[in-house]
Structures are given as structure tokens and as C-alpha cells.
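All values below were derived from every heavy atom in this structure, side-chain atoms included, with hydrogens, water molecules and symmetry-related copies excluded.
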Amino acid sequence: MENFTPYLSLAGGLIIGISATILLTGGRIAGISGILGGLVPPVVSDLGWRVLFVLGLIGGAVLFPISGGDISYININPYNWSDNEHYIAMIIGGLLVGLGTNIGAGCTSGHGICGLGRLSARSLVATITFMVVAVITVFIIRTFLGA
């Protein structure tokens with residue numbers, strides 16, 4: 001398996017689990033789509049923790065390479081599409097993710113991490129649906145788009 005990073009994955013999983021547990025003890029779900037959705041338009045009573053959560057996500061991504069972490073193996077255009085194709089695919093993918101999280105009333109983090117941790121049947125169905133759609137999407141991209 002290429003680019004397998006078990007220690008970083010374990011550390012990331014632990015940090016995600018700890019942050020989800022901290023939010024859950026306060027009665028909140030660590031679903032990124034829900035957290036972002038609460039910022040547009042902002043709900044003043046919830047604004048502080050939501051902004052801090054998003055800043056933490058961005059800050060972690062910025063601090064990792066600054067602190068010596070190697071991100072050279074990350075390729076955001078693995079199929080070597082042209083810039084235009086790549087940006088169009090990213091926009092369409094983002095819109096589809098937004099549509100899917102809206103239809104599914106949550107995203108993979110909310111359903112997959114928090115919902116499954118709470119033994120939610122709805123989250124189990126949502127997570128299975130996300131995974132099946134992801135497999136189908138990869139199959140279509142690799143088979144029909146030649147990527």
C-alpha cells in the first residue's frame with residue numbers, strides 16, 4: 001500500500017475521537033457540514049465554538065508542514081488532469097458533497113464518527129450509503145474517464 005502512514009493515521013484518529021468526545025459531552029455533534037452550516041448564516045449563540053473549531057481545522061493543516069511534517073506525498077490532482085478539468089471536478093465534487101450531506105442530514109464525520117459511536121441506526125445507513133457512493137464514483141472515474 002502506497003503512502004500508508006499508520007502512526008499519523010492513529011494520531012489523527014485519536015485527536016478526532018478526543019475532539020468529538022469533548023463536543024459530545026457538551027451536547028454537540030462534531031459533524032463538519034453541520035458546524036459549517038451553522039456559520040452560514042451565523043447563529044450568534046453558537047458562533048464562538050463553531051469559528052474556533054473551523055480555525056482549529058485550518059490551523060492544524062497549516063501547522064503540520066510548518067512543524068516539519070512531510071506533505072510532499074499528497075497529490076490533490078492524482079489523475080493529472082488539466083487545471084481547468086481539475087478545478088471543474090473539484091467544484092462539481094464539492095457541490096455533490098454539499099448536496100449529499102444536506103440530503104443525508106450530515107456528513108461522514110457526523111454520521112461516521114459521532115453517529116456510529118452513539119449506535120445510531122440512521123448514521124449506520126448514512127455511512128454505508130456514503131461508502132457505496134464513493135466506491136461507485138471511483139469506479140466511474142477510473143473506468144469511464146480514464147483517470
Side-chain angles (χ1 to χ4, degrees), residues 1-67 69-71 73-79 81 85-145 147:
M1 181 178 290
E2 189 176 317
N3 300 326
F4 181 59
T5 57
Y7 297 117
L8 285 176
S9 301
L10 178 62
L14 287 173
I15 292 170
I16 290 170
I18 291 168
S19 66
T21 302
I22 291 171
L23 280 176
L24 197 56
T25 57
R28 296 183 173 107
I29 300 294
I32 306 307
S33 62
I35 292 170
L36 286 174
L39 292 174
V40 182
V43 178
V44 176
S45 63
D46 278 351
L47 189 61
W49 74 270
R50 290 177 190 273
V51 169
L52 288 175
F53 194 94
V54 171
L55 288 176
L57 288 173
I58 296 169
V62 170
L63 286 177
F64 182 72
I66 291 174
S67 64
D70 180 20
I71 61 169
Y73 58 87
I74 297 173
N75 181 3
I76 63 170
N77 187 5
Y79 303 116
W81 290 343
E85 292 170 333
H86 180 66
Y87 291 130
I88 289 170
M90 287 177 56
I91 290 169
I92 291 172
L95 291 172
L96 289 174
V97 168
L99 178 65
T101 57
N102 193 359
I103 292 171
C107 59
T108 52
S109 57
H111 284 297
I113 297 170
C114 298
L116 291 180
R118 296 172 41 213
L119 303 176
S120 165
R122 184 180 80 147
S123 291
L124 177 62
V125 171
T127 303
I128 290 170
T129 303
F130 295 153
M131 295 301 118
V132 169
V133 171
V135 168
I136 292 169
T137 301
V138 169
F139 176 78
I140 289 171
I141 289 174
R142 290 191 174 177
T143 303
F144 299 109
L145 300 180

For a quick test of your reading: what N or O donor-acceptor pairs under 3.5 Å do the side chains of residues 37-55 make, sequence neighbours left out?
| from | atom 1 | to | atom 2 | distance (Å) |
| --- | --- | --- | --- | --- |
| Asp46 | OD2 | Arg50 | NH2 | 3.2 |
| Trp49 | NE1 | Asp46 | O | 3.4 |
| Arg50 | NH1 | Gly34 | O | 2.9 |
| Arg50 | NH1 | Ile35 | O | 3.3 |

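- For Val62, the side chain to side chain contact (heavy atoms under 4.5 Å, CB included) criterion is met by Ile58, Ile66, not counting sequence neighbours.
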With a 3.5 Å cut-off and sequence neighbours excluded, list the donor-acceptor pairs that the side chains of residues 89-110 form with protein atoms.
| from | atom 1 | to | atom 2 | distance (Å) |
| --- | --- | --- | --- | --- |
| Thr101 | OG1 | Val97 | O | 3.1 |
| Thr101 | OG1 | Gly98 | O | 2.9 |
| Ser109 | OG | Ile32 | N | 3.1 |

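- Other residues, nucleotides and ligands contribute at most 12 non-hydrogen atoms within 6.0 Å of the OH atom of Tyr87.
- Every residue two or more places apart in sequence or in another chain that forms a side chain to side chain contact (heavy atoms under 4.5 Å, CB included) with Ile76 is listed here: Ile74, His86.
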In residues 16-30, what donor-acceptor pairs under 3.5 Å come from side-chain atoms, sequence neighbours left out?
| from | atom 1 | to | atom 2 | distance (Å) |
| --- | --- | --- | --- | --- |
| Ser19 | OG | Ile15 | O | 3.2 |
| Ser19 | OG | Ile16 | O | 2.9 |
| Thr21 | OG1 | Gly17 | O | 2.7 |
| Thr25 | OG1 | Thr21 | O | 3.4 |
| Thr25 | OG1 | Ile22 | O | 2.6 |

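- Sorted by first and then second residue, the side chain to side chain donor-acceptor pair (under 3.5 Å) pairs involving residues 118-136 (not counting sequence neighbours) are His111-Ser123, Ser120-Ser123.
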